[in-house]
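In what follows, every heavy atom counts, from backbone to side chain, and hydrogens, waters and symmetry copies are set aside. If you read the sequence from its start, that first residue is 1, and numbering goes on from there. Bear in mind the structure is a predicted one, so any value in this text is a computation, not a measurement.
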Amino acid sequence: MTKLLSTYEGLVSTTVISQLRQLGLRLAGKKVVHVNSTREGGGVAEILEWMVPLMQDVGLDVQWEVIEGNADFFDVTKKFHNGLQGFPVTINSREWQTYRGLNEENAVRLRPILEDADLVVIHDPQPAALLGLCPNRKGKWIWRAHIDVSRPARAVWQGLKPFVSGYDASIFSMCQFAQPLPHPQFLIPPSIDPLSQKNMDLAPEEIAAVRHQYNLDPKKPLLVQISRFDRFKDPLGVIAAYQLVRKVQPVQLVLAGGGATDDPEGQKVLEEVLEAANGDPDIHVLLLPSDAHRTINALQRLADIVIQKSTREGFGLTVTEGLWKGKPVIGGDTGGIRLQLINYHTGFLVNTPEGAAHRIRFLLHHKGLRNKMGVKAREFVRENFLHTRQLREYLTLFHILNSQQEASTIYI
Ligand code: UDP
């Protein structure tokens, strides 16, 4: 998917486009390298897929590198992920060594590229140790935390902090996630691409074909949660909410997700989900390939209500995607979901399966309000959560850091 900035004309104002071009001119030719831990699956890969080509289109020289890990490494970084999101995990010295060791192996390959870059953006904890392994850095390094680190397990954060303290800046999705760090911190909420396969308009026939393919009943209201099979996405809570609603009215549920290559726990959670679904023909557990964007798009459009009942969430792109499809979203009262759901306007925030069931029933009984909320939901995303806004914020940050560098060169 390579998109040019000009394709956003009509969706955003020409002023927005020309501001981005001007920022690009100031940064023309700068070497930027993004590093994360998976090429596909999950929100970070999804972001880099559009951001890299758009940054290139405005004139930057951008590369996307992925660190190579093994099962042991991803087990450890999964523990980081859980610990940073508040689970009480402990990481022993052998596991810290695995973390450092894999970063060292990757540094052998990446060091020349990273040391030569003007700007390096390291995404999440997996590759964070690379900074200390590139002593001859020429550019500015930014650590981008995508996860909810508002209440991290102390031992995990204390262990990781030395790896991230040396960065020139960090980016968090929300102010609640900011941490005491010895460098400037910036807040940049994520965004979605209205032109991607995941979010573009689809022909009614294609949507109907997906309904048919998955044997969904056109007469029963449909709840849809799209998520990796991850405990923090609370798929069991969604099933519990569905079961409460089903006691009083017909309803069907789609839980659709695939595995990210950096998530070894997914299989276990999937088994628990299948057990909880207990063969109910109205619960559709779908394992989708990582490129099933149009299918996800269609499922979100088929939904009467989109659900994202996470108990922890960095931002929740699936919430934005649901809102963009003109659907009210019922989401967990946590992390970035709070930025997106405004009760009675774009959706509802909930804390329990009972709360979710209550809001589901309310929305199913108020079709007019549901439609009005859907219209507001789409406009809310247009104003706040499209890529053009996020691109502007990244370029502005690059410009600030880059000007600091130029200023210090002048003053030396
Ligand atoms: N997604 C997908 N296939 C799946 C599950 C999720 O393509 O099986 C997409 C989803 O549509 C969204 C992203 O992956 O664009 C997930 O981002 P989000 O912020 O919701 O959660 P994360 O996985 O990053 O925790």
Side-chain angles (χ1 to χ4, degrees), residues 1-24 32 34 36 39-60 62 64 123 146 173 188-210 224 226 256 258 288-303 306 308 315-327 329 336 339-340 346 374-396:
M1 183 211 67
T2 301
K3 287 263 156 47
L4 300 179
L5 192 54
S6 56
T7 57
Y8 290 83
E9 278 164 14
L11 275 166
V12 295
S13 71
T14 46
T15 317
V16 170
I17 305 278
S18 74
Q19 276 173 353
L20 288 170
R21 293 249 176 252
Q22 283 176 32
L23 276 165
V32 178
H34 289 272
N36 80 323
R39 183 72 62 182
E40 53 186 34
V44 180
E46 186 102 352
I47 290 163
L48 290 175
E49 262 172 41
W50 66 264
M51 188 184 284
V52 169
L54 275 189
M55 284 184 172
Q56 287 166 338
D57 185 43
V58 298
L60 284 69
V62 191
W64 172 8
H123 295 264
H146 291 273
S173 295
I188 305 186
S191 57
I192 59 161
D193 183 356
L195 300 167
S196 68
Q197 306 269 320
K198 183 76 66 62
N199 295 308
M200 64 196 282
D201 289 342
L202 295 179
E205 301 75 41
E206 184 170 353
I207 299 172
V210 170
V224 170
I226 309 283
L288 301 176
S290 60
D291 61 351
H293 304 306
R294 291 180 88 102
T295 304
I296 290 172
N297 186 340
L299 288 169
Q300 288 164 334
R301 288 175 194 281
L302 285 166
V306 167
Q308 190 55 58
F315 180 69
L317 285 170
T318 51
V319 173
T320 332
E321 290 159 9
L323 296 173
W324 182 246
K325 311 298 180 331
K327 309 293 171 172
V329 177
L339 284 180
Q340 305 187 65
T346 61
V375 172
K376 280 194 208 175
R378 186 171 165 96
E379 288 314 304
F380 188 69
V381 172
R382 194 193 306 278
E383 278 175 31
N384 298 291
F385 297 119
L386 296 186
H387 284 350
T388 37
R389 189 269 310 149
Q390 190 179 178
L391 181 63
R392 187 190 67 224
E393 289 178 343
Y394 262 87
L395 294 178
T396 306

Chemist: Grab the two heavy atoms, one from A377 and one from T346, that are nearest each other, plus how far apart they are.
Modeler: CA-CG2, 4.0 Å
Chemist: With sequence neighbours excluded, tell me which residues meet ring pair (Phe, Tyr, Trp, His ring centres under 6.0 Å) with H123.
Modeler: H34, H146
Chemist: So, for W50 and Q390, which heavy atoms are closest and what is the spacing to 0.1 Å?
Modeler: CZ2-NE2, 3.4 Å
Chemist: Only counting residues at least two apart or in another chain, list the ones meeting side chain to side chain contact (heavy atoms under 4.5 Å, CB included) with P289.
Modeler: D291, A292
Chemist: Can you tell me how far the CG atom of L60 sits from the CE atom of M51, to the nearest 0.5 Å?
Modeler: 11.5 Å
Chemist: Can you tell me how far apart OG (S196) and NE2 (H387) are? Round to the nearest 0.5 Å.
Modeler: 6.5 Å
Chemist: Taking salt bridge (Lys or Arg N to Asp or Glu O under 4.0 Å) as the test, write out the residues that go with R378, two or more places apart.
Modeler: none
Chemist: Give the intermediate values and the outcome of side chain to side chain contact (heavy atoms under 4.5 Å, CB included) for residues Y8 and D193.
Modeler: CA-CA 9 Å; Y8 290 83; D193 183 356; 2.9 Å; yes
Chemist: What pairs with E321 under side-chain hydrogen bond (donor to acceptor under 3.5 Å, both in side chains), at least two apart in sequence or on another chain?
Modeler: Q300
Chemist: Checking the side chain of D57 only, and the main-chain atoms of L4 only, is there a donor and an acceptor separated by less than 3.5 Å?
Modeler: no
Chemist: Could you tell me which residues satisfy side-chain hydrogen bond (donor to acceptor under 3.5 Å, both in side chains) with Q22, sequence neighbours excluded, listed by chain and number?
Modeler: none
Chemist: Quick check on side chain to side chain contact (heavy atoms under 4.5 Å, CB included): which of V210, D201, V306, V224 does R301 satisfy it with?
Modeler: D201
Chemist: Using only atom types and a distance under 3.5 Å, with no angle test, would you say the side chain of K325 pairs donor to acceptor with the backbone of N199?
Modeler: no
Chemist: Could you list the donor-acceptor pairs under 3.5 angstrom formed by side chains in residues 9-16, with sequence neighbours left out?
Modeler:
| unit_1 | atom_1 | unit_2 | atom_2 | d |
| --- | --- | --- | --- | --- |
| S13 | OG | V16 | N | 3.3 |

Chemist: Short question: side chain of R389, backbone of P189 - any donor-acceptor pair under 3.5 Å?
Modeler: yes
Chemist: For T318 and I226, which heavy atoms make the closest approach, and how far apart are they?
Modeler: CG2-O, 3.2 Å
Chemist: What distance do Y394 atom OH and I47 atom CD1 have between them, rounded to the nearest 0.5 Å?
Modeler: 6.5 Å
Chemist: Using the side chain to side chain contact (heavy atoms under 4.5 Å, CB included) rule, take L5 and V58 through it: C-alpha gap first, then chi angles, then the decisive distance, then the call.
Modeler: CA-CA 8 Å; L5 192 54; V58 298; 3.8 Å; yes
Chemist: Looking only at non-hydrogen atoms, find the nearest pair between L48 and W64 and report the distance.
Modeler: CD1-NE1, 3.4 Å
Chemist: Closest approach of A298 and L202, non-hydrogen atoms and distance?
Modeler: N-CD1, 3.7 Å
Chemist: Can you tell me how far CZ of R21 sits from CG of L395, rounded to the nearest 0.5 angstrom?
Modeler: 11.0 Å
Chemist: Given side chain to side chain contact (heavy atoms under 4.5 Å, CB included), test L20 with R392 step by step and report yes or no.
Modeler: CA-CA 6 Å; L20 288 170; R392 187 190 67 224; 3.6 Å; yes
Chemist: Within the 4.5 Å heavy-atom criterion, are E46 and H293 side-chain neighbours or not?
Modeler: yes
Chemist: Please name all residues satisfying side chain to side chain contact (heavy atoms under 4.5 Å, CB included) with V381, sequence neighbours left out, ordered by chain then number.
Modeler: I192, T320, L323, W324, F385, L386
Chemist: What pairs with R382 under side-chain hydrogen bond (donor to acceptor under 3.5 Å, both in side chains), at least two apart in sequence or on another chain?
Modeler: E379
Chemist: For S173, give me all partners under side-chain hydrogen bond (donor to acceptor under 3.5 Å, both in side chains), at least two apart in sequence or on another chain.
Modeler: R144
Chemist: Hey, does the side chain of R294 reach the backbone of I207 with a donor-acceptor pair shorter than 3.5 angstrom?
Modeler: no
